[in-house]
There are 2 protein chains.
Amino acid sequence: MGADGDDAAERGTVVTPSAEFPPLDAGDRAALGRIGARWHNPRSAGDLPVDPTLGRRDHHPRPTRFGRLAPIDMFTVAQPDELVATGAAHLPGSRPGRAVARLRRTLVGPPLASSSVLYERMRKLVALPVLSSDLLSSVAYGPEAMLAVLVLAGSAALGLALPLAAVLVVLMVAVGLSYRQTIPAYPHGAGSYLVAGDNLGRTAGLAAAAGLMLDYVLTVSVSVAAGVHAVTSALPGVTRWTLPIGVLVIAALLAGNLRGVRTAGNIFVLPTYAFVVVLVALLAVGWAKAAARGFAPVPPPAVPATEGLGLLLVLRAFSSGAVSMTGIEAVSNAVPAFRPTEWRNARTTLGWMVAMLVTLFAGLIGLIHLDGLVPRADETLLSQLGRATFPAVGYAILQATTALILLLAANTAFNDFPRLLFFMARDSYAPRRFLHMGDRLAFSNGLVALALGAVAVFVAFGGRTARLIPLYAVGVFLAFTLSQAGMVVHWRRRPGRGRRRRLVVNAVGATLSGLVLLTAAVAKFTEGAWVVVVAVPLLVLLFRRIHRHYATLHRALAPHPPPPAGPAGSAEGEELPQQVRHLVIVPVARLNRASLRALAYAASLGRPTLAVHIAPEEAEADRFRDQWRAWGDHLRLETIVSPYRSVIGPLAHYLEALHAAGPELTLTVIVPEVVLRRRRHRLLHSRAEQRLRAALRALPGVVVTSVPVHVPR
Amino acid sequence: MGADGDDAAERGTVVTPSAEFPPLDAGDRAALGRIGARWHNPRSAGDLPVDPTLGRRDHHPRPTRFGRLAPIDMFTVAQPDELVATGAAHLPGSRPGRAVARLRRTLVGPPLASSSVLYERMRKLVALPVLSSDLLSSVAYGPEAMLAVLVLAGSAALGLALPLAAVLVVLMVAVGLSYRQTIPAYPHGAGSYLVAGDNLGRTAGLAAAAGLMLDYVLTVSVSVAAGVHAVTSALPGVTRWTLPIGVLVIAALLAGNLRGVRTAGNIFVLPTYAFVVVLVALLAVGWAKAAARGFAPVPPPAVPATEGLGLLLVLRAFSSGAVSMTGIEAVSNAVPAFRPTEWRNARTTLGWMVAMLVTLFAGLIGLIHLDGLVPRADETLLSQLGRATFPAVGYAILQATTALILLLAANTAFNDFPRLLFFMARDSYAPRRFLHMGDRLAFSNGLVALALGAVAVFVAFGGRTARLIPLYAVGVFLAFTLSQAGMVVHWRRRPGRGRRRRLVVNAVGATLSGLVLLTAAVAKFTEGAWVVVVAVPLLVLLFRRIHRHYATLHRALAPHPPPPAGPAGSAEGEELPQQVRHLVIVPVARLNRASLRALAYAASLGRPTLAVHIAPEEAEADRFRDQWRAWGDHLRLETIVSPYRSVIGPLAHYLEALHAAGPELTLTVIVPEVVLRRRRHRLLHSRAEQRLRAALRALPGVVVTSVPVHVPR
């Protein structure tokens with residue numbers, strides 16, 4: 001197995017640029033050897049007419065077309081059979097292509113070499129803000145989302161917020177504990193896709209992945225919407241620019257992530273801690289003021305009920321409040337990013353995070369209740385609270401830090417979504433292009449997909465946080481439930497000390513998450529949750545079909561040793577040079593420099609060659625044969641009169657008939673191709689080469705060779 | 001010159017399917033012979049491994065993929081080196097392609113063989129209706145167009161119609177006489193494009209062509225608009241469906257012409273004569289009624305003036321009335337369609353046509369004046385006249401024949417427009433695709449272009465005849481003026497009896513036409529004529545640039561004999577097989593069946609071969625070399641580490657560097673291509689082959705060969 005062996009260890013959570021080139025399994029490798037053993041040695045064809053290392057060893061670089069002024073060393077020699085491309089070799093050849101490349105470089109920076117992939121390890125005090133921005137920022141919209149539902153039943157119903165908050169705190173602690181013990185069990189990273197897939201089977205893993213993917217898209221949309229709302233609460237004048245601002249923010253996040261934010265950790269530290277400090281200050285001042293009046297609640301302004309206070313409304317309020325927990329899974333995904341002992345540090349960090357979440361969440365709900373605040377469309381509750389509690393400067397700092405941490409929360413999705421797609425693509429459940437690291441070592445395709453999805457959702461829901469919340473909870477809690485249910489199975493299968501206690505903790509977490517999932521899906525079905533309920537199974541189906549396609553392809557392309565002797569039995573079965581039997585065909589429309597060059601090329605191959613001319617009528621056929629004789633009649637010419645004047649159809653059918661007459665032959669169709677420099681000139685030509693190529697694509701055993709002639713200007 | 005010689009005579013007005021294959025000039029033919037004389041005879045490469053006549057001579061057809069149930073003879077043998085494709089060979093290979101072909105066949109009929117091109121000769125009594133429908137139908141909207149302008153100055157101004165009509169009659173006669181003597185001078189057809197180009201130079205010819213092209217588009221739009229108006233005048237209920245009806249009518253005309261109306265002549269006879277008879281009856285009854293009251297004019301209803309009665313208004317009215325003459329040029333275009341002596345019969349027919357036009361036009365203007373009718377938006381003047389003159393049945397017949405002859409007039413544009421484009425394309429002033437005769441022997445591309453243009457104009461102007469008229473006159477009279485001015489030059493250059501008299505007649509015609517052109521362009525500039533004034537020079541510019549492109553291409557592709565000895569001096573200069581020096585390159589991403597087949601194919605060519613692998617990092621390069629050795633290391637492998645992970649760029653630059661190192665080499669890049677059956681599966685792949693092909697297009701001397709592997713399902 002050699003160099004292929006060490007990949008097994010990497011299949012955990014490490015991303016590598018080599019993932020696009022999966023190693024061979026033992027069977028394929030053996031088949032390769034058996035095929036190679038029967039090759040006739042073609043090295044006898046002679047030495048190469050040029051030095052493939054381009055004479056770089058002698059340091060006599062020649063100027064190329066793109067290096068007219070100064071010879072640019074596009075390649076350096078690493079070893080006798082290896083070159084290393086320099087940055088210049090990555091620029092496109094065409095002038096507009098290079099202009100685009102330069103613009104791109106200005107926007108997202110110069111390309112980064114594969115060797116720059118860093119596996120940074122974080123201290124707990126850095127990991128805490130990096131991993132908690134998503135979770136803690138949720139308190140900016142979670143409590144409000146809950147109260148916004150309750151107030152539909154009138155201001156009296158707002159009193160229910162306190163018991164609901166208590167239940168949510170229990171839920172947070174239970175899920176936190178549950179994840180806490182997932183961490184040591186999966187020290188290489190415990191993403192829901194991995195844990196659910198490992199323990200509950202592929203479909204569960206894919207369902208978790210689908211839930212997470214929707215979750216990441218919504219994290220961006222909701223965080224940006226809430227962040228913009230924090231700004232518009234302070235500056236009501238810009239409210240009508242909500243949509244453009246949000247789209248611009250998402251575009252900026254995309255651009256930043258395409259750059260590949262190298263100093264990611266440090267960016268997070270200050271805003272997150274600032275947000276926590278400001279919020280703690282808010283709670284302290286607020287509660288102090290409340291204490292000064294003996295904790296007497298200010299009665300909220302009378303809001304008329306628009307709905308009755310039923311069980312459904314309470315459940316909707318509860319599941320809306322549950323979005324305060326989104327992001328709690330971040331630590332478990334990122335265990336390998338901690339310093340050793342990783343799992344222990346991760347577990348401690350998770351503990352701190354949950355404690356902070358519970359404190360902020362409960363404190364805010366209580367303070368809102370005491371101050372008698374009511375959700376309003378034009379101003380967030382946090383903004384109202386800030387205005388009521390802080391002087392102007394403090395209020396401005398609160399809104400600014402809130403907007404900032406929400407931005408960071410959106411950014412975490414840009415980190416996690418492409419990684420999830422990478423892992424899925426590695427398992428062939430997502431398109432392979434998500435394996436490709438762009439020239440900034442970022443998963444550009446995944447980033448763009450996330451940004452497009454987030455913009456679509458953001459715009460479709462008018463950039464309103466309240467309208468996005470119903471979709472949010474379902475995806476998140478689906479992933480929570482499947483991950484923790486997976487852990488239950490994990491403990492059942494694995495004997496060990498304390499596994500019963502662990503099983504119970506995870507079972508409680510899974511059950512509670514499952515209840516929230518069910519509540520959210522049912523209670524908010526008509527409000528938008530149905531989108532997620534429909535999308536998850538469709539996505540799972542899509543993932544499975546993608547997998548099936550790649551599996552079919554893999555089987556079809558696996559090398560298998562040739563039959564013992566003679567030519568290949570099946571069409572396209574040739575895997576040995578001596579099996580290939582040639583017939584070269586040159587379609588010729590008229591005798592000009594392009595077709596003469598194609599004929600010369602064909603004849604130079606020294607294989608049986610047949611020229612074919614398609615004529616619209618007998619008279620033209622005669623005229624062409626006359627020209628052919630004037631040229632010298634060097635090759636066998638077959639004329640096909642096509643009385644209905646189509647060219648491609650008869651030619652394709654003729655080639656197919658030749659293939660049927662000699663199924664063991666490889667037909668090489670040599671097409672003269674006139675290459676026009678200017679795209680608009682192509683409108684003046686029938687592009688017969690392209691149409692011929694398209695018609696021949698379906699035919700087995702037909703090789704198409706384009707012999708270009710370049711036309712000046 | 002052999003078979004190529006007789007084409008010179010054809011360059012007049014005959015369309016042939018062979019026009020897509022222009023003959024070689026003497027120089028090219030000689031060069032061809034000199035090139036061929038230096039070929040090494042490649043026939044030594046051996047006999048063909050299959051019979052290129054497909055064994056059809058022995059009548060043992062083999063079933064092909066499309067003939068599973070019964071072997072279809074797609075080809076029949078004409079002579080040892082010629083096959084004739086049958087109808088089956090024109091069907092596309094793919095299932096959806098064949099479904100489309102079947103649908104097409106149902107709509108436009110089965111394909112017609114090139115041999116079915118008929119050069120029908122017409123008797124005068126048939127030619128008259130065929131060629132006059134455009135001209136005579138103009139009286140359905142011409143008089144009205146004139147009066148509609150006059151009435152803007154109030155009903156009193158309508159009296160000016162009589163003197164204006166008198167001037168127009170003079171104009172008709174003058175232009176008629178002028179065309180009358182063009183006919184014997186150009187017995188092969190005297191289209192304005194030809195006559196103006198011949199005598200006034202290319203630019204004048206192109207300007208005439210541009211004018212005619214706009215004229216044809218407007219003929220369709222105006223005739224259809226007027227025809228629909230004739231219907232809605234009788235049935236006011238359908239007025240709001242004007243646009244959809246008009247578009248449908250144009251679509252029906254397109255479909256009919258794509259079918260290629262074989263019995264064209266006969267279709268025209270009845271409606272045209274019926275229209276003339278009905279109109280003569282209308283005039284007879286109307287004038288008889290007027291005579292009965294002593295030719296006392298009925299005073300028109302008072303219409304308030306919206307504009308002052310100035311010179312400009314009169315000129316506008318005049319140039320609007322001049323559209324009654326559109327179509328007068330039809331006979332001179334179609335001289336070869338007459339029976340011998342063609343020019344004499346054509347001249348007689350033109351005389352009859354002008355006489356009929358003058359009679360109908362003058363009679364109608366007079367009758368409208370006597371009956372005191374005023375143009376109205378909701379009903380045509382002809383309809384008002386019919387209602388006032390005929391009983392209900394007669395009125396219905398009048399409206400029906402009017403609509404019908406307008407339809408035929410529109411149809412003549414469908415006949416002439418593609419022919420004009422054909423002649424222009426033959427002279428390389430229009431895209432070559434307009435030379436192609438579709439499978440119904442119609443110029444499908446030209447027909448579709450005309451229909452699209454007409455629909456666009458019709459819809460843009462709301463299907464209102466009155467709004468289209470201002471555009472109409474300019475294009476028509478531009479072509480008239482240039483054609484007759486061309487004749488003036490023609491007579492000046494050619495000595496002969498009576499040339500002075502002829503010159504004067506044509507000069508009068510040209511001058512009068514030129515005055516109308518100027519009047520129309522200036523007086524109606526702001527009403528829409530500016531569109532034509534702007535479009536004609538732009539079109540001429542476009543035609544010239546198209547010509548320049550084709551000329552450059554022709555020069556670049558002309559065969560020129562190779563240098564005396566040795567390899568070709570320039571890149572892509574190889575016109576002899578012995579000049580081609582090969583280096584085969586196989587880019588290999590991974591070792592699977594597709595790349596193994598490409599390697600086997602490459603090795604089977606027996607030329608120096610180099611495999612190239614692009615690796616994103618050193619570790620992957622090592623892994624690949626290990627696999628390569630496991631296979632047997634049969635070909636020289638060069639690995640290029642691309643630390644920025646792009647593949648296409650470094651590969652293209654490497655090939656370019658190889659080309660720079662050995663400019664005399666032909667690099668054949670053999671690309672393994674996995675062909676997926678289903679289009680949606682292609683989304684799952686990076687289409688690296690296509691991107692590589694695109695990147696290599698620009699490189700000189702690089703031949704690209706696709707070795708396909710077909711994947712089931």
Side-chain angles (χ1 to χ4, degrees), chain A residues 3 17-18 32 36 39 42 45-46 48 50 52 54 62 64 74 82-85 89-90 111 113-114 431 439 556-557 574-575 577 580 592-593 596 600 603-604 606 608 616-617 620 623 631-632 634 638-644 646 649-650 653 657 660-662 684 703-707 711, chain B residues 3 17-18 32 36 39 42 45-46 48 50 52 54 62 64 74 82-85 89-90 111 113-114 431 439 556-557 574-575 577 580 592-593 596 600 603-604 606 608 616-617 620 623 631-632 634 638-644 646 649-650 653 657 660-662 684 703-707 711:
Chain A
S18 300
L32 213 52
W39 261 55
L48 294 182
V50 287
L54 302 171
R62 288 163 181 260
T64 67
M74 292 210 179
E82 180 173 313
L83 295 171
V84 176
H90 290 264
S114 301
D439 58 8
L557 293 181
E574 310 89 346
E575 285 173 334
V580 183
N592 58 19
R593 205 158 71 78
L596 285 174
S604 77
E617 51 185 0
E620 206 282 325
R623 203 165 68 186
W631 168 63
H634 293 290
E638 187 73 19
T639 311
I640 298 177
V641 174
S642 169
Y644 306 121
S646 64
H653 283 290
L684 299 178
V703 171
V704 179
T705 295
S706 300
V707 178
V711 173
Chain B
S18 299
L32 213 52
W39 262 56
L48 294 182
V50 286
L54 302 171
R62 289 161 181 260
T64 67
M74 292 208 177
E82 180 173 313
L83 294 172
V84 176
H90 290 264
S114 301
D439 58 8
L557 293 182
E574 310 91 344
E575 285 172 335
V580 182
N592 57 20
R593 205 158 71 78
L596 286 174
S604 78
E617 50 183 1
E620 206 282 325
R623 205 164 67 186
W631 168 65
H634 292 291
E638 187 74 20
T639 311
I640 298 176
V641 175
S642 169
Y644 306 121
S646 63
H653 284 288
L684 298 177
V703 170
V704 180
T705 295
S706 300
V707 178
V711 174

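All figures in this text were calculated on a predicted structure; none of them were measured in a lab. Worth knowing before you read on, the calculation uses all heavy atoms, side chains too, and leaves out hydrogens, waters and symmetry mates. The chains referred to below are lettered A, B, ... by the order of the sequence lines, with proteins before strands, and numbering in each begins at 1.
When all heavy atoms of B:Leu557 and A:Asn592 are compared, the pair lying nearest together is O-CB, 3.2 Å. Shortest non-hydrogen contact noted between A:Glu82 and B:Glu638 is N-OE2, 3.5 Å. Annotation for B:Ser604 and A:Pro577: closest pair CB-O, 3.5 Å, computed over non-hydrogen atoms.
Counting heavy-atom pairs closer than 4.5 Å to chain B, the top-ranked of the candidates A:Ala85, A:Ala556, A:Pro431 is A:Ala85. Heavy-atom pairs under 4.5 Å with chain A were tallied for B:Pro643, B:Gly632, B:Ser642, B:Gly649; the largest tally goes to B:Pro643.
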